[in-house]
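For reference, the structure discussed in these notes is given below.
Computed from heavy atoms alone, side chains included, the values below leave out hydrogens, waters and symmetry copies.
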Amino acid sequence: MAKNKKQNGKAKTPPVVAAAAGEQKETIGNGHAEQNGLNGHASSEESDPAAAGPNESADDKSAGVAGGGETEQQQQQQQEDDVMRLMQETGFTVQVLSPGVEPLSIQVSSMELVQEIHQLLMDREDTCHRTCFSLQLDGRTLDNFAELKNIDGLQEGSVIRVVEEPYTMREARIHVRHVRDLLKSLDPADAYNGVDCSSLTFLHTITMGDIMEKKKTRQESVDCTPPDFIMPGARERPLLPLQPGTGKKGTPQPLKVLTTSAWNPPPGPRKLHGDLMYLYVVTMEDKRLHISACSRGFYVNQSTDDAFNPQPANPSYLSHSLIDLLSQISATFRRCFAQMQKKRTQRHPFERVATPYQVYTWTAPALEHTIDAIRAEDTFSSKLGYEEHIPGQTRDWNEELQTTRELPRATLPERLLRERAIFKVHSDFVTAATRGAMAVIDGNVMPINPGEDAKTQMFIWNNIFFSLGFDVRDHYKELGGDAAAFVAPRNDLHGVRVYSAVDVEGLYTLGTVVIDYRGYRVTAQSIIPGILEREQDQSVVYGSIDFGKTVLSHPKYLELLNAAGKHLKILPHSVYNDKEEAIELCSSVECKGIIGNDGRHYILDLLRTFPPDVNFLALPAEEEAVGKESRAMGFPIEHRHKLCCLRQELLEAFVENRYLMFMKHAAVQLQQCVKMKQEQKAAAAQKTEEGGKQAAIEAAAPAEGDTKDGKEAAKDAKDGKEEAKDAKDGKEEASTKDAAAAAAAARSVPKPDSEDAKKLVESLISSDQKNESMEVVKRACEAVGSLKEYEFNIRFNPDVYSPGIRHVDEDPNAAGSLRRQKQLVKDAAEFLVKHQIPSFVHECLDHTSAPMDGVTLTELLHNRGINVRYLGKVVDQLAKIKQLEYLHTIAVSELIVRAAKHLFTAYLQQTDVMSMAAAISHFLNCFLTVSTGGYQPVANGTGADGDGQLADEFGPKAGGKKQNKQSKRGGGG
């Protein structure tokens, strides 16, 4: 599934998209979306204000992040103002009056939208059955997308009335769909099948309903004895306990059938009478009813299965809500629905709303398949006719993505709204892209190039562009073919994430999702306006479309990418094109810049955002080998593709390490300089004093011997450290000469203590000090490999080892030469092996880090900048430490699973759809089952399920030795 997160984060999070505030799935006002928005995508002002280079000033940092040149004090004042402004956005209480329900008092914030109150009412137990209503204040209908603070007259204690609105065709369909969702809210079938972003939740089951602190009676003691099947030596390892709650009694069924009637759509004459649609219901009492939807609500008509009679029945039970109508018709429905509502509202709010990013399970129990006509209708309709909140048209994902990033972000409330909007549209985009990718692989979408080979076909669905992870037209031939094409989308996604996290104003990335489904890797991207109207080579204004033969540059792109490059430690560099012209770039050659018809500057193909990992790159014979630490661990290892890159976390750790080294070097050198200067100062002062006295002696009574001694003393005063001693001896000698003559000469020569002498000495020292300081910085820069002679500058050229790229390298001995750039990349790779892996093991040893499973192990490795392809080396380190035996088991398991994943991916691509179930079951049996006698294929003679083919594919060798061999090589991507 799409690698996300992050997002974090943020930012770390994939690229992304704009707020669809009116969508029916807008999250309720319980802080869910806001919380996710803050955690999922932190803006650059909040997450990375200090990512500027270590040698940059505070002004540079603020300019790079917020686009201004403010001082730190001004920034701090601005932050305090933001906090005060946020605190002033106080909450207040309003009353909501709904028909037939007790008045409801709710706490709201002036920053919230009216839509959030609307959504809150749709989630509450007593008002959830209403969907078509408006909120009115003093007779005025409130705009759903207005902020509460902008509504005149809304204050503490105001009364907001819920007013039922007339239905339209769209509203009637949404209402029926909402009723179906309510009736299925406790059924895990949708979550197991991945319908509509549904994800499994076991929180309520595991906590036995105690999560909401509403349970009156608690057990005094809880049995914490682990079950037998997880204890060492257990023979059976059942999968069913991984799905808690499946063995319990199901919820009561309120209805047998709820579906659209076969009499749909209403004929022309009935449309003029206001009929919108017809429904068919079978109650638990076995009553068969046909229901009409009109603008006033729902009523029972006189139609039967055989005869159409749309006239209202007697009684017709006209109700604005379908739930109210069904409750009047069926006592069983009324009772069961009340029970379901009670159970549903006992769950935590986060369990009741759809997850922004769907979570998939690899196991599922055999569930009973029930009749659900609305589910069937959803499956066979594209849903594009009434896609969420924009009826009649598809969503322009690219426009939504980019406009949310352009939202104002000057104040903290604005940033909060911006992050929520970005997170909301991004999660919508991921959902749509996942649905589209599955449709593409299942063969439900027509390609835009149907005449070409299936692997090279491309697709457009719902304004999203889909392509497959295969080497099209030998594009990746030099980089590893299909293996490189498979990993390129993942690298591209990482590039999109980091550029989105840096958030340079004016630089845009595409919405990008990578989906793995049925062994295929599908890349889904938003579409640049105008890109389909012209050829790619006509659109690209920056970068190269043929791996460096023709290279273009653009001043605006250089400016934008240079601003981002300061944060990402990317070095501006020049390469030659096919006309031998030097072209300046601030990214890899493969990065392309396209100016869309909307005037925005887009970058794409970011697969080489970061420098290559030379530990997994077979370098040319003339290149220097990797460092001795890397060689000692068996590197370089030739990987199956040449797109192995270092992680951003590693580069940041490496630069920080080099900066500390730089400061230590400079400090030691400065200490030596200070010591030397003190000695030189004493020597210079002595020299001045001695020279003055000697001149006085010569002027008063020159004597041959004295003159000789004075000359020798003057000569000795020019040598270095020893001269200080000699000058001192000369002083003692001179002081024994004629005192009267010295006193006479003193009137014409300045004394060492006089102002003139001091100024002379200080001027000499200050000029020397300046030169010495420059020399100190120069030597420190050279020691840490800085790419500037007199400034700390550690940045990386992502193209240093790219095949076919010719670099501009005017002076091979200069500080920024290509040789130094290559050495930095090698040093970073060695730093990973020499420093990061051992420090990770030490962290685990002192329990600073405590991985519990493969996911947390991978996360901790990534946080240290260690790629998972180094997991084999980590395992070697862990095997030597007895205390970390538990972690060694986790790491080896992760190795084997990742090695098996590569086999599984290639195998599924060759499997026929009808044999998919048998193939997957067979693979997992071979992989997970412990067998002492080896695999014995059973011939069934029919060949219908391809069992003989499976046996050939997964004999004893494929299940055992091959996996172990692959795991030893470094384990997976």
Side-chain angles (χ1 to χ4, degrees), residues 1-3 237-239 242 359-364 441 469 480 482-487 489-490 514-522 616 637 639-641 644 851-859 861-862 866-876 878-879 887-912 915-937 945-947 949-973:
M1 175 44 199
K3 320 291 188 301
R237 303 284 188 188
L239 293 176
L242 294 176
V359 180
Y360 297 93
T361 175
W362 70 279
T363 60
I441 299 302
D482 279 346
F486 189 82
V487 82
R490 185 196 63 192
V514 177
I515 304 103
D516 288 339
Y517 177 62
R518 276 179 46 187
Y520 293 91
R521 174 157 288 181
V522 185
F616 285 89
I637 299 171
H639 209 272
R640 54 212 176 108
H641 60 77
C644 295
M852 296 175 292
D853 55 17
V855 175
T856 50
L857 173 65
T858 303
E859 189 177 319
L861 288 172
H862 284 171
I866 304 170
N867 306 80
V868 178
R869 59 178 169 270
Y870 286 93
L871 190 54
K873 302 302 180 184
V874 175
V875 166
D876 291 343
L878 294 174
L887 187 54
H888 180 264
T889 303
I890 293 172
V892 170
S893 300
E894 184 73 9
L895 266 182
I896 295 172
V897 169
R898 285 176 175 267
K901 180 187 71 174
H902 292 292
L903 300 174
F904 190 49
T905 297
Y907 179 66
L908 277 184
Q909 290 180 9
Q910 304 163 12
T911 305
D912 179 68
S915 305
M916 195 67 71
I920 294 171
S921 303
H922 184 76
F923 183 94
L924 293 177
N925 283 334
C926 292
F927 181 53
L928 299 175
T929 305
V930 178
S931 174
T932 54
Y935 172 70
Q936 298 296 331
D945 60 354
D947 196 56
Q949 184 180 357
L950 297 178
D952 293 339
E953 186 72 24
F954 290 99
K957 290 182 180 178
K961 294 179 183 177
K962 193 170 183 180
Q963 290 179 6
N964 293 334
K965 182 180 178 183
Q966 185 145 349
S967 68
K968 286 177 183 175
R969 282 169 46 197

Considering all heavy atoms, the nearest L908-M916 contact: CD2-SD, 3.5 Å
Minimum heavy-atom distance C644-F616, with the two atoms named: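 Answer, listing the atom of C644 first, then F616: SG-CB, 4.0 Å.
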side-chain contact (heavy atoms from CB on, under 4.5 Å) assessment of I637 paired with K873: CA-CA 12 Å; I637 299 171; K873 302 302 180 184; 4.2 Å; yes
Results of ring-ring contact (aromatic ring centres under 6.0 Å, His included) for H641 - residues two or more places apart only: H639
Which value, rounded to the nearest 0.5 Å, describes the distance between [X] atom [atom1] and [Y] atom [atom2]?
| X | Y | atom1 | atom2 | result |
| --- | --- | --- | --- | --- |
| R898 | R869 | CZ | CZ | 11.5 Å |
| F904 | T911 | CZ | OG1 | 8.0 Å |
| L903 | F923 | CG | CZ | 5.5 Å |

Set of side-chain contact (heavy atoms from CB on, under 4.5 Å) partners for [X], sequence neighbours left out:
| X | answer |
| --- | --- |
| N925 | T929 |
| A891 | L857, L871, V875, L878 |
| T856 | P851, M852, D853 |
| Q909 | F470, Y520, T905 |

